[in-house]
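Quick notes on the structure that follows.
Hydrogens, waters and symmetry mates play no part in the numbers below; they use all other heavy atoms, side chains included. All values derive from a computational prediction rather than experimental measurement.
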Amino acid sequence: MSRAPIGEFLDVNGVAVHVRQDGAGPPLVLLHGYCGSVHWFDRLTVGLAARHRVIRVDLLGHGCTGGSSGFDAASQARMVAAVLDSLGVEDVLVAGHSFGADVAVALAAISPRVGSLVLIGQAPDYSYASFPPGSAVLLPMVGALVRMVAHRRWVRFASRFRRTGWFDDPLRDLADHAVTAPAMARVVLVDRARVLAARPLDEQLADLALPCLVILGRRDRFYDCDKTFARYSAVGARVEIVEGAGHSPFLERPGEVARLLREFSGS
């Protein structure tokens, strides 16, 4: 299943990386999570583009970006660093959601163009994660099924009755899942657990010593909000909780998250 681009393509080591830019002002990069795309920030961008040059990137193996390898956070960060170099932006505020938070932190460690960080909906590691049992086995199977049916007419018809109104296209998340590289499942569910156990994100933030905002949803099903709040606060990050929101607060409360980002960028 192919996706229609909404931005430009930049060549990064022979890979066509899909980048969308909106607005003008201080640069703000938005990095999506596993099975996401630039579209996950469509509504958030509306609240940011009046004051910022909003740069959205489809990570390797996602959305309209190609690539058959280099899916881990460190490799993704090198790709995004090359994008920033190509665009010539400086003092960039980089915000990453879920797996995108790992990429944002890894990017800050290698690129002097990053001036501050925002982590959204991501705990420092998997030590208290509450993923469904068997996710590492079942998720690739679900992904294969989604790739088979996402383009069927009856799926689009049925999607009209879904309760979530997070996307303008009710099939957006299914379409993004359908084009995500199958190898990403192991990267996120198996390899990532080992990487974060060895060096959690809060430990990395402490070493970076950059201004950092963490945005959490009170009802995140994957990570205990209070535990995540305590760990990031302990290393000096500013932590904000969006009440009533889950793992992706920018989808459920785009206006509130946009406000938090604007306030942080101006502080």
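- Hydrophobic clustering (ILVMFWY, side-chain heavy atoms < 4.5 Å, transitive): Ile215 and Val46 are in distinct clusters.
- With rounding to the nearest 0.5 Å, the separation of CD in Glu8 from CZ in Arg20 is 10.0 Å.
- Residues Ser75 and Arg78 have side chains that bring a donor and an acceptor to within less than 3.5 angstrom of each other.
- Separating the OG1 atom in Thr65 from the NE2 atom in His18 is a distance of 7.0 Å, to the nearest 0.5 Å.
- Considering only residues two or more places apart in sequence or on other chains, Glu240 meets the salt bridge (Lys or Arg N to Asp or Glu O under 4.0 Å) condition with Arg238.
- Interatomic distance, Phe41 CZ to Arg56 CZ, rounded to the nearest 0.5 Å: 8.5 Å.
- Residues Ile6 and Leu251 are members of separate hydrophobic clusters, defined by side-chain heavy-atom contacts under 4.5 angstrom among Ile, Leu, Val, Met, Phe, Trp and Tyr.
- With respect to the salt-bridge test (charged N to carboxylate O, under 4.0 angstrom), the residues Arg113 and Asp91 do not qualify.
- With respect to Leu31, the side-chain contact (heavy atoms from CB on, under 4.5 Å) criterion is satisfied by exactly one of Val38, Asp58, Val94: Val94.
- Judged by distance alone, with hydrogens and angles left aside, the side-chain atoms of Ser233 form no donor-acceptor pair with the main-chain N or O of Ala230 at under 3.5 Å.
- Taking CG of Leu28 as the start and CG of Leu48 as the end, the distance is 6.0 Å to the nearest 0.5 Å.
- Shown here are the salt bridge (Lys or Arg N to Asp or Glu O under 4.0 Å) partners of Arg192, two or more places apart in sequence or in another chain: Asp102.
- For Arg43, the CZ atom is densely surrounded, since the number of other residues' heavy atoms within 6.0 Å is greater than 12.
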- prompt: What's the verdict on side-chain contact (heavy atoms from CB on, under 4.5 Å) for Ser98 and Ile120, showing C-alpha distance, side-chain angles and the deciding distance?
  reply: CA-CA 6 Å; Ser98 197; Ile120 305 175; over 6 Å; no
- request: Could you walk me through whether Leu205 and Leu117 pass the side-chain contact (heavy atoms from CB on, under 4.5 Å) test, one step at a time?
  value: CA-CA 9 Å; Leu205 288 179; Leu117 288 167; 3.8 Å; yes
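- The structure places OG of Ser130 at 8.5 Å from OH of Tyr223, a figure rounded to the nearest 0.5 Å.
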task: Go through the steps for Leu93 and Val29 under the test side-chain contact (heavy atoms from CB on, under 4.5 Å), then give the verdict.
output: CA-CA 6 Å; Leu93 169 58; Val29 171; over 6 Å; no
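- Between Val118 and the options Leu213, Val257, Leu30, a side-chain contact (heavy atoms from CB on, under 4.5 Å) holds for only Leu213.
- Annotation: the span from Thr45 atom OG1 to His52 atom NE2 amounts to 11.5 Å, rounded to 0.5 Å.
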task: Would you check, one step at a time, whether the test side-chain contact (heavy atoms from CB on, under 4.5 Å) holds for Val17 with Val57?
output: CA-CA 7 Å; Val17 177; Val57 182; 3.7 Å; yes
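- Screening residues 77-117 for ring pair (Phe, Tyr, Trp, His ring centres under 6.0 Å), with sequence neighbours left out, gives His97-His247, His97-Phe250.
- Side-chain contact of Ser37 with Asp176: a donor-acceptor pair under 3.5 Å is present, judged by distance alone.
- Under the 4.0 Å criterion applied to side-chain N and carboxylate O atoms, Asp125 and Arg231 are assigned as salt-bridge partners.
- Note on Leu87 and Val15: same hydrophobic cluster, where clusters join Ile, Leu, Val, Met, Phe, Trp and Tyr whose side-chain heavy atoms are under 4.5 Å apart, directly or indirectly.
- Annotation for Ile55 and Pro27: closest pair CD1-CB, 4.3 Å, computed over non-hydrogen atoms.
- Applying the 6.0 Å contact sphere to CG of Asp11 captures more than 12 heavy atoms from other residues, nucleotides or ligands.
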